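Everything on this sheet refers to the single structure shown next.
Chain A is the first sequence line, chain B the second, and so forth, proteins listed ahead of strands; every chain is numbered from 1. Everything quoted here is computed from the prediction, not taken from an experiment.
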Protein chains: 2
Amino acid sequence: MKEGPDIAGLAALIGDPARANMLSALMAGKALTAGELAGEAGVTPQTASGHLARLVDAGLLLVEVQGRHRYYRIAGPDVAEALETLLVLAERTGRVRARPGPRDEAMRAARRCYDHLAGTAGVAMFDALVANGDLTVGSDGLAPSAAGRARFVAFGIDMDELEGRRRPMCRACLDWSERRPHLAGSLGAALMAAFVSRGWATPDRKTRAMRFTDKGRAEFEAFLRPAARRHVADG
Amino acid sequence: MKEGPDIAGLAALIGDPARANMLSALMAGKALTAGELAGEAGVTPQTASGHLARLVDAGLLLVEVQGRHRYYRIAGPDVAEALETLLVLAERTGRVRARPGPRDEAMRAARRCYDHLAGTAGVAMFDALVANGDLTVGSDGLAPSAAGRARFVAFGIDMDELEGRRRPMCRACLDWSERRPHLAGSLGAALMAAFVSRGWATPDRKTRAMRFTDKGRAEFEAFLRPAARRHVADG
DNA sequence: TCCACGTTTCGGCAGCGGCCGAAACGTCAG
DNA sequence: CTGACGTTTCGGCCGCTGCCGAAACGTGGA
């Protein structure tokens with residue numbers, strides 16, 4: 001018995017598979033209900049409830065009561081950072097879980113992270129915008145180029161309005177399943193809103209998945225193509 | 001659940017009290033024998049042996065055989081970093097087993113955290129750079145000011161090269177022993193490298209401690225002083 | 001008011017895993 | 001070679017805790 005923080009209790013808390021799954025699910029940043037987290041962890045609601053109570057008690061999660069739902073989220077950046085560090089270390093030491101689990105492919109393909117597009121589609125969009133020169137990555141962060149700005153305006157985004165907001169327009173958000181960045185910020189939100197309003201994709205009500213229609217998927221992919229080859233389908 | 005790092009297994013490994021005690025004991029940087037670690041953990045040698053085997057197998061510890069002794073040490077900086085993060089989080093969430101004691105004084109004074117300077121010296125440098133206006137703390141994070149940029153260039157840091165990298169240039173990293181931030185990121189790394197190449201400090205080979213020479217310590221402290229009062233010793 | 005639903009509490013079961021005693025292995029000293 | 005010592009392996013015990021079924025609680029809708 002020495003001095004120092006009780007690292008064991010904390011790590012043991014994170015070390016349970018069900019709790020770790022819940023924490024991982026919450027790493028995307030969105031608050032989830034107890035029932036959703038039970039599904040994520042693959043346990044019954046009553047089991048999940050016990051785990052969540054312990055995580056809240058330990059200060060790792062915050063809970064917000066809305067009606068008969070309880071929304072849980074990561075308590076703060078330091079918790080997220082600790083989890084991220086563990087994830088990186090787990091990856092370096094070659095620990096990849098091969099757990100069987102009923103996780104649907106739709107979430108992986110496209111989901112919303114807060115209010116912007118994440119998942120494979122989100123990462124693909126980010127990559128395409130950068131590759132096309134619509135977004136520039138600098139030391140100050142992310143910004144739309146002049147060409148990109150014109151393109152977004154042509155797509156129906158009110159860039160002047162976005163620039164006037166306090167919220168950062170472009171932010172790179174690390175994608176959980178892809179481990180690569182996708183576009184966050186007010187521009188990311190505006191783009192996803194535009195996809196929805198055009199009927200390209202609809203948010204699943206129960207999950208965070210975004211369900212693209214076939215036509216919407218095709219138009220989305222056209223949107224990602226370099227400006228030169230794009231036909232004028234985005235009017 | 002799809003693939004992804006097995007955070008649960010890793011955290012569970014750290015989460016056992018006996019193993020956590022051993023890891024904490026090894027955080028000082030020195031290699032310890034299996035018997036010593038058994039004592040640290042408060043378990044019998046045969047129990048400790050099992051734990052150590054698992055930690056080595058998981059890649060958290062390295063073992064070096066010397067005669068009939070086996071010396072165990074932390075496998076690498078990333079492991080130490082993960083443990084530090086957990087320690088900080090455990091402290092923030094109020095999980096303290098006792099008072100945070102001085103432990104190894106040299107480690108507390110100056111050590112390397114990954115590749116940048118931590119400990120009292122690291123925190124002092126961070127405070128000085130912010131106080132002098134060389135670094136600015138904004139909502140977007142940390143960034144060098146124009147004056148700071150010029151100063152780092154004058155100190156021999158290739159700022160253009162740092163800006164070209166994907167790695168964030170400036171990051172505030174919470175210091176374990178000081179509980180206050182120090183400078184991480186590529187700039188933090190470049191600064192520590194500069195200190196070493198100038199002979200101000202040398203990394204201890206067995207531990208993560210940084211040993212300043214008397215002259216180096218004086219020059220380092222001069223470096224921290226406001227630009228106005230600084231003499232041109234940093235050319 | 002009644003019912004449906006999300007969530008929590010309680011109780012009991014079962015399994016994992018940490019612990020130690022005993023014993024074997026390897027090294028060093030005499 | 002023999003004995004001491006550090007360390008590991010084996011076997012078995014035992015406690016912790018994660019799990020679920022059942023039931024209670026609170027909210028929202030009909």
[X]: partners by side chain to side chain contact (heavy atoms under 4.5 Å, CB included), with sequence neighbours left out:
| X | result |
| --- | --- |
| B:Ala12 | none |
| B:Ala38 | B:Ala48 |
| A:Ala124 | A:Leu224 |
| A:Ala80 | A:Met27, A:Ile74 |

How long is the line joining [atom1] of [X] and [atom2] of [N], in whole Å?
| X | N | atom1 | atom2 | answer |
| --- | --- | --- | --- | --- |
| A:Tyr72 | C:dT7 | OH | C1' | 8 Å |
| A:Leu37 | C:dT8 | CG | C1' | 15 Å |
| A:His69 | C:dC5 | NE2 | P | 12 Å |
| A:Ile14 | D:dG18 | CD1 | C1' | 17 Å |
| A:Asp57 | C:dT8 | CG | P | 13 Å |
| A:Leu32 | C:dG6 | CG | P | 15 Å |
| B:Leu52 | D:dG6 | CG | P | 16 Å |

statement: Residues at least two apart in sequence or cross-chain that pass ring-ring contact (aromatic ring centres under 6.0 Å, His included) with A:Phe220, listed by chain then number, are A:Phe195, A:Phe212
field: Contact state string [nucleotides 23-30 of chain C, B base, S sugar-phosphate only, - no protein heavy atom under 4.0 Å]
entry: ---BBS--
Partners passing side chain to side chain donor-acceptor pair (under 3.5 Å) against [X] (at least two apart in sequence or in another chain):
| X | result |
| --- | --- |
| B:Thr213 | none |
| B:Thr33 | B:Glu36 |
| B:Thr47 | B:Thr44 |

Could you go over nucleotides 16-19 of chain C and give all protein N or O partners under 3.5 Å, atom names and distances?
from   : atom 1 : to      : atom 2 : distance (Å)
C:dG18 : OP1    : B:Arg19 : NH1    : 3.3
C:dG18 : OP1    : B:Arg19 : NH2    : 3.0
C:dG18 : OP1    : B:Arg54 : NH1    : 3.4
C:dG18 : OP2    : B:Arg54 : NH1    : 3.0
C:dC19 : OP2    : B:His51 : NE2    : 2.5

- prompt: Taking the six-membered ring of A:Phe223, is the NZ or CZ of A:Arg198 close enough (under 6.0 Å from the centre) and on axis enough (within 45°)?
  reply: no
Sugar-phosphate, base or nothing in reach of B:Tyr71, heavy atoms under 4.0 Å: nothing
- request: Name all residues meeting the salt bridge (charged side-chain N to carboxylate O under 4.0 Å, His left out) criterion together with A:Asp78; count only those two or more places apart in sequence or in a different chain, and write none if there are none.
  value: B:Arg92
task: Check whether any side-chain heavy atom of A:Met22 sits under 4.5 Å from a side-chain heavy atom of A:Leu37, and report yes or no.
output: yes
task: Just report the end-to-end axis angle for the helix from C:dT1-D:dA30 to C:dG30-D:dC1, five pairs per end, to 10 degrees.
output: 30°
